[in-house]
Structure formats: structure tokens, C-alpha cells
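Structure first, then comments.
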Amino acid sequence: MQLTGKTSLLASVAAAIGASVCCVGPLVLLALGIGGSWIGNLTAMEPYRPIFIALTLAFLGLAFRQLYLVPQVCAPGTPCADPTTIKRQRLIFWIVGVLLLGLLAVPLLAPLFY
């Protein structure tokens, strides 16, 4: 299976969610007013966080490579031949990239809030 820019971004989103579930999950639940001693069990994914961070950065790198470094071969008249399509894809990449890096930074910043 060949990874395109879109699948790389989706894979990086999934990996970032996996990387931050140990820290963001309890914080979101507490912010919603959901509490209990079982929330402490959500930190069981903490040992796997570096693996998910590496996957997130790898998939973001693959998406960057696909969007900026690999020339796209498109037949005339297809959507990928339209220059506005690549501009839109690059904009989405940067928005998703900033949000994912922010999501990965939450565990570092969370102690400042509680």
C-alpha cells in the first residue's frame, strides 16, 4: 500500500491520539466533570507514548515528503492537476501538523494547569 499525503496525515492523527491518550484523556474527562478512581487507569498507555510520538513524526514526515519533495504526476483534467488542490492540501497539512504538535505538547504543559 502506497502512502499518500492524505493517508499519512490520517495515520499521524491516529498516532498522536495514541501518544496523548494517557495524558489528555484524563484531563478532558475531568474538564467535563467526569471523575472517579478509574481515571487513574488511563495512564496505562504511558510506556508506549514514545513509540506513538515517533510514529506521529514519521507519518508527518511522510506527508511532508509527499506534498513538497515528490513531484506529482497528474493527467490533465484530473483534480490533482489543479494548482488550488495542492495549495489546499498543503494548508490542511500545516493546520493538522500544528494541532498534532500541540496535542503532543499537552503532557509537558499540563502540570502548569493543575
Side-chain angles (χ1 to χ4, degrees):
M1 179 179 141
Q2 183 181 6
L3 286 178
T4 63
K6 183 178 180 180
T7 55
S8 295
L9 278 178
L10 292 175
S12 64
V13 168
I17 290 171
S20 61
V21 75
C22 66
C23 309
V24 176
L27 191 61
V28 169
L29 290 174
L30 288 174
L32 293 173
I34 301 170
S37 62
W38 60 274
I39 288 182
N41 293 333
L42 295 177
T43 60
M45 296 282 290
E46 179 80 30
Y48 304 108
R49 190 167 185 275
I51 296 169
F52 285 118
I53 289 173
L55 285 173
T56 300
L57 296 177
F59 285 125
L60 280 175
L62 286 172
F64 180 85
R65 179 182 173 273
Q66 188 70 28
L67 288 171
Y68 286 98
L69 303 178
V70 176
Q72 289 190 354
V73 179
C74 297
T78 58
C80 69
D82 186 17
T84 58
T85 302
I86 191 71
K87 287 180 184 177
R88 191 176 320 120
Q89 288 174 344
R90 289 177 177 174
L91 176 67
I92 291 170
F93 168 78
W94 287 109
I95 291 171
V96 169
V98 167
L99 291 174
L100 289 180
L101 293 176
L103 190 62
L104 292 177
V106 165
L108 300 173
L109 301 175
L112 298 175
F113 298 104
Y114 62 92

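Atom set for the values below is all heavy atoms of this structure, side chains included, hydrogens, waters and symmetry mates excluded.
Leu91 belongs to a hydrophobic cluster whose other members, connected by ILVMFWY side-chain contacts under 4.5 Å either directly or through intermediates, are Ile95, Leu99. Residue Ile53 belongs to a hydrophobic cluster whose other members are Leu57, Leu101, Leu104, with links defined by side-chain heavy atoms closer than 4.5 Å.
Leu60 is linked by a side chain to side chain contact (heavy atoms under 4.5 Å, CB included) to Leu9, Ser12, Thr56, Phe93, Leu100, counting only residues two or more places apart in sequence or in another chain.
The stretch residues 85-100 participates, sequence neighbours left out, in these side-chain hydrogen bond (donor to acceptor under 3.5 Å, both in side chains) pairs: Tyr68-Trp94.
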